[in-house]
Amino acid sequence: MTKRMLRFVANDREVGTEAWEGSPALDFIRRELGLTGTKEGCREGDCGACAVILGERLENGAVRYRAAPSCLLALGELDGRHLVTIEGLASGAEDGLTPVMLAFLAENASQCGFCSPGFIVSLTAWLLEGERLDEAGALTAVEGNLCRCTGYGSIRRAASRLLAEFPGLPADPLARIDALVAARVVPASLAAFARGKLLADDARVRPAAGETSLVIGGGTDFYVRNTDPEPRDGFFLAGSDPALRRMTRSGDGGLEVGAAVTIRDFFACPELLSLVPGIGRFEASFASILVRNRATLGGNIANASPVADMTSMLIALGARLGIARPGGDGPSREIPLESFFLGYKKLDLGPGEIIRTILIPPPCRPFRFNFEKAAKRASLDIAAVNTAVLLELDGNRVVRGRLSAGGVAATPLLLPKSSAFLAGRAVSAGTARDLAALAASEVETIGDVRGSAGYRRRVLERLVMAHFTTLFRDRVADGIAEDLAVRVSSSEEDRR
Amino acid sequence: MKTIPEAALNVMGRTAYIDDLPEPRNLLHSAVKLSGSARGRMTRIDAARALALHPSVRVITWKDIPGENQLGFTVADEPLLPEREWEYWGQPLVLCLAETKGLARRAAELVVVEGDALAPTFDPREAAAKGDFILPPRTQRSGDPAAAFARAAYVVSGRADSGGQEHVYLETQGAIAEPRDGDRIFIISGTQGPAVVQRAAARVLGLPMNKVEVETRRLGGGFGGKEDQATTWGCLAALGARLSGRPVKLCLDRKTDMRATGKRHPYSSDWKIAADAEGRLLAFEADYYQNSGCSCDLSAAIISRTLFHAVGAYRIPNVRVTGFLCRTNLPSFTAFRGFGAPQGIFVMEAALDALARRMGIDPVELRRRNLLEEGDITHYGMPMTRVRARESFDSLLEKTRWRELRAEVDSFNASHALEKRGLAVVPNCFGVSFTKLQMNQGGALVHVYQDGSVLVSTGAIEMGQQVSRKIARVTACTLGIPIERVAIERTTTLTVANTVPTAASTGSDINGMAALAACEEIRGRLVRRAAELVGGPAAGLSIEDGRVVRGREDTGLSWDDLVLKTYESRVDLSAHGFYATPGLFYDMEAEKGSPFAYHVYGAALVEVRLDVLRGLYAVERALIVHDVGRSLDRAVDLGQIEGAFAQGLGWALLEELAFGADGRLLSDTLSTYKLPDAHFLPARLEVEMMRETDNPRAVLNSKAIGEPPLVYGIAGYFALLDALRSARPDGPGMYDLPLTPEKALDYLTGDRPEYGREKAAKGDTPC
């Protein structure tokens, strides 16, 4: 096996290792670095006990720190970066207690304590990001962390204390890091790394992918299925190719998104928000902030989950995939996203090919876009069913529509009949109802742990109606409400 | 700001849980092979491929057990490793040892266990129909239910189901065992009951208990899941260590933990309730089909708590309740915070809900009319004293401005077709003490060192309920010193023997009392010595805040000096304290007695918002009024109330154990088993502790706090049901917890016909 020296900063010291870059960072942190404050709770990114902060110097020279679940993080992702663990945070403070830790103590927010390091890491990353310093922002920051003891009341109160203590932080990243170092929220090593004083001689060129046999995006799906992967050659982290992390306006006014762009960066992209106004509100429906910081668009697509949220949205938006051999000069072929899925977890992807870009076309005329999801838990839960719709409008008339659905077949779907049905229809409760019925008839649902076949069909029908009540509330809500009342009583009749 | 040392280590990431401990140099890792079907008769174990994997691999089967292959103490139905049959999907069959965790896991995968399939049972009613009970059914009765039903103005009956619940302690189960000094074994176990592990390991290894030491420093959560079910892992590690002569570590990954270990018992119950024309409850009957799983474990004690809590916080003169322990081919269901009481209370609240609907009155009014009163005698014959049911309920209604709130919500619902709000109020009356009488005992060992610092060891396990903080407070209070002078030692079988598990909310009651007894003993000796030193009689001397005082006057003698001088005069500065909860008795034949030291009261309001179109919902608000006696630590009690409520709410609305038709656990990861996250809890969560009153039956007038507040989660169920009915006024009663989005939508679309109809055939009035 070819070995490569990985170099990174672990808290305040530089570390080099020849360990396999595909092994989970969590194991390296706990076993090799001996930093056992980072806990293993579930090993699938659902509990946040293993959260760490990862700092990187971006292409534009800026530095950025974000929280990540280390159980789903490839060791190779640490290369050239700054890993900050709970021990690192403690080392920067007097008596080892940072303001975030003190807030936890003051509110008695640490009971059994197993989840506490993860929560403190997440809230520290929230301050480091410094953008949403309000109660909702704090809640989002910890949405990927589970606590089974407190019921979250004391954790919320601890966050409120932090808000009072840090009502605002400098917008400039360097100034913000300095302010947080001064306040002992983070250790001085962050300021040093940000200024290139740690890992200063890091002039290495990241390897372009040679022969790849295993390409991963963020790893957030890969490590769920491969908890202890065996070392192998041909492992390629898509994010190590800077080109795959870029988002650019395409010639036709659409958007070209690199496959390794994270969900977080995607939703923060100003070009996207101007291309598809309002799409930002659907970010929260995708996993948790910890996972969004790592998961990539390409990975979400290639994992081919029938119920992938991003895929469902992108299909409705008419996205196409640019597929190339790694290291090649641009896409060699383009296909519509929905035709990429040949069967359950079967992809239209040849040996050595990788998804390079996701192309989102510009809509031709005024349009509305919506995404709906039904899951047991409102956040960080995999959907039973999801659906997205794009409606190109001429006044009150739909000119062209695309309706997608996930969780209702072996692959994410574009519903062709339903989409065709939309052309020329008026926006009305009747259209919503008929479309919903058609969509439900167009799918073959199966039951699993997330929902029975019958439920999936029924909830798809409801979510399709919800597209209309969300987008055109005034025009359709009353009609749909009446319709629901009638239908319940008739299904009662049926049974008697 | 005062910091708490234990919690300070937590937030710095310096608290060491089992998997964080430094590993001994020659440690062997281990993994278990789990069964791959629900029931089978073993014909062959083939370890060849596993052994070929690596020279360090060792495969251990039941044949290697030197002592008795049995963990069950109530019923001998729980072999450590099965000899003939496996009884559920995910049962540990074989233990593999190897140099690394990865090797041990791969070895376990390579072991082949062959067997003949046997027909499994999963449904408790099916087991009951076959008479397959773990122990005979138990019935409690009072009055004459048959006569009361015959003369009642209203009689309603129906069915109620509640699902199991996975503990999801964040630290999974684990243990490390080390051979020591010849034939001794030392076990670090993640257990709520070190003495249970000690007794079981001694039995399995064929050793006397004085050769087995068990230590538990702390748990990353327990919630009942490590009361009995940590024993398997402690014993397996000990078995591996015994056989290999090397330290052995066994820490489960999440999926193995979820598959192999027991959870809260699912129940399926039939109930029947009667009231007079004014809505006074006359009679209640219920049959509880407890899904006990494949072995007894704690099921017998759990069904007894269900029966004791069958009528909740209400007075009902005529009662007949029967509990069936139904054997099924599922993991052995076990203790989980509430221990059968929430299951029973849910049935009662379902019956009241249905009755209120039948009578056409506000369920809150019906509940209020029938609350327990001072001097009432329960159906199991216990006279109720210091009852605070009405006080808590009325206080809650007043704080919520109930009438106005109900009217506001009704008017909102009348004007909103696609969105509905729902409300419910549920009272609480929770009995404290182990229902198994012999378990109500505890010990403590207190050392005062020459420098005046104090070390306390008890049987209490620190698992996030912060019992250490409470015991430290009891110690400081009793000795008259600042709490900073007190340290709480880890729990080991060396310092305090024959301890009971930290469970049944009694951790601080029992261990706090034992510590108090030891402290009083030491304080007596110190005060006698103080009298010699300062002159005058010992009577009237006391120690306060580290000073020896007479009345309010400082004698000039400090705690530190007193301790040193007492030591120098050759007086013992250590004491062992013991406590056995007084006044408890229960006649198992008559099913009558006073099994509880006291009861805890309270009430909760929950408000839910329902999205009628999508069948999705959010808990918007909760208000809890709760009885803490005189709280030992209000911050700790608040954490326990909020935390228990969150678990109750999860059980009621979200957490769903899913088993396949073949008995395989489908919800075996945290991506398929969802528990409350920070978004799930209502933004408006208010907890009001009731006016503090004395509770002479517990330490320093406090009250137990761990389990009772879990009951409030049940209000979440009925709040959502209330909203669902606003959307569909003709809908039937539906008592099938948890009320997930799928069930909610099915209710809204009329696709759940089964509830409330099946009973009609028997001639009772359906709910």
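Numbered from 1 within each chain, the chains take letters A, B, ... in sequence-line order. Reckoned from all heavy atoms, side chains included, excluding hydrogens, waters and symmetry mates.
In this structure the side chain of Gln647(B) reaches within 4.5 angstrom of the side chain of Arg148(A), judged on heavy atoms. Two residues are said to be in side-chain contact when any heavy atoms from C-beta on lie closer than 4.5 Å; Ser671(B) and Arg450(A) meet this criterion. Counting heavy atoms from C-beta on, the side chains of Glu40(A) and Arg254(B) never come closer than 4.5 Å. At least one side-chain heavy atom of Leu139(A) sits under 4.5 Å from a side-chain heavy atom of His679(B). Lys376(A) is listed as a side-chain neighbour of Pro741(B), based on a closest heavy-atom distance under 4.5 Å. Between Leu681(B) and Arg156(A) there is a side-chain heavy-atom pair separated by less than 4.5 Å. In this structure, the side chains of Asp46(A) and Thr669(B) stay at 4.5 Å or more apart for every pair of heavy atoms.
Checking Asp677(B) against Ser379(A) by side-chain atom types alone, a donor-acceptor pair falls below 3.5 Å. In the model, Arg469(B) has a side-chain atom that pairs as donor or acceptor with a side-chain atom of Asn108(A) under 3.5 Å. Judged purely by distance below 3.5 Å, without hydrogens or angles, the side chains of Glu742(B) and Ser452(A) pair a donor atom with an acceptor atom. In summary, the side chains of Thr36(A) and Asp20(B) do not present any donor paired with an acceptor at a separation below 3.5 Å, with no hydrogens or angles considered.
When heavy atoms are compared at a cutoff of 4.5 Å, Ala384(A) does not approach chain B at all. Heavy-atom distances place the side chain of Lys101(B), and not its backbone, under 4.5 Å from chain A. When heavy atoms are compared at a cutoff of 4.5 Å, Pro682(B) approaches chain A solely by way of its backbone atoms N, CA, C and O. Of the two parts of Leu675(B), the backbone and the side chain both hold a non-hydrogen atom closer than 4.5 Å to a non-hydrogen atom of chain A. The contact between Val612(B) and chain A is made by backbone and side chain atoms together, counting heavy-atom distances below 4.5 Å. Neither the backbone nor the side chain of Arg14(B) comes within contact range of chain A, judged by heavy atoms closer than 4.5 Å. With a threshold of 4.5 angstrom between heavy atoms, Ser667(B) approaches chain A through its backbone and through its side chain. Neither the backbone nor the side chain of Ala618(B) comes within less than 4.5 Å of any heavy atom of chain A. Using a 4.5 Å cut-off between heavy atoms, Gln466(B) touches chain A through its side chain atoms alone. Only the side chain of Glu655(B) comes within contact range of chain A, with heavy atoms under 4.5 Å apart. For Met12(B), the parts lying under 4.5 angstrom from a heavy atom of chain A are both the backbone and the side chain.
The pair Arg105(B)-Asp228(A) does not count as a salt bridge, with every side-chain nitrogen at least 4.0 angstrom from each carboxylate oxygen. Salt-bridge formation is detected for the pair Glu230(A)/Arg106(B): a Lys NZ or Arg NE/NH1/NH2 atom is positioned less than 4.0 Å from an Asp or Glu carboxylate oxygen. The pair Asp253(B)-Arg43(A) fails the salt-bridge criterion, with no side-chain N (NZ, NE, NH1 or NH2) lying under 4.0 Å from an Asp/Glu carboxylate O. The pair Arg31(A)-Glu23(B) does not count as a salt bridge, with every side-chain nitrogen at least 4.0 angstrom from each carboxylate oxygen. For Lys39(A) and Asp19(B), the salt-bridge test fails: no basic side-chain N is under 4.0 Å from an acidic carboxylate O.
With chain A as partner, the option from Ile641(B), Leu613(B), Asp746(B), Leu666(B) having the largest number of non-hydrogen pairs under 4.5 angstrom is Leu613(B). Of all the listed residues (Tyr617(B), Tyr169(B), Phe223(B)), the one sharing the greatest number of non-hydrogen pairs under 4.5 Å with chain A is Phe223(B).
More than 12 heavy-atom neighbours from other residues, nucleotides or ligands sit within 6.0 angstrom of CZ on Arg634(B).
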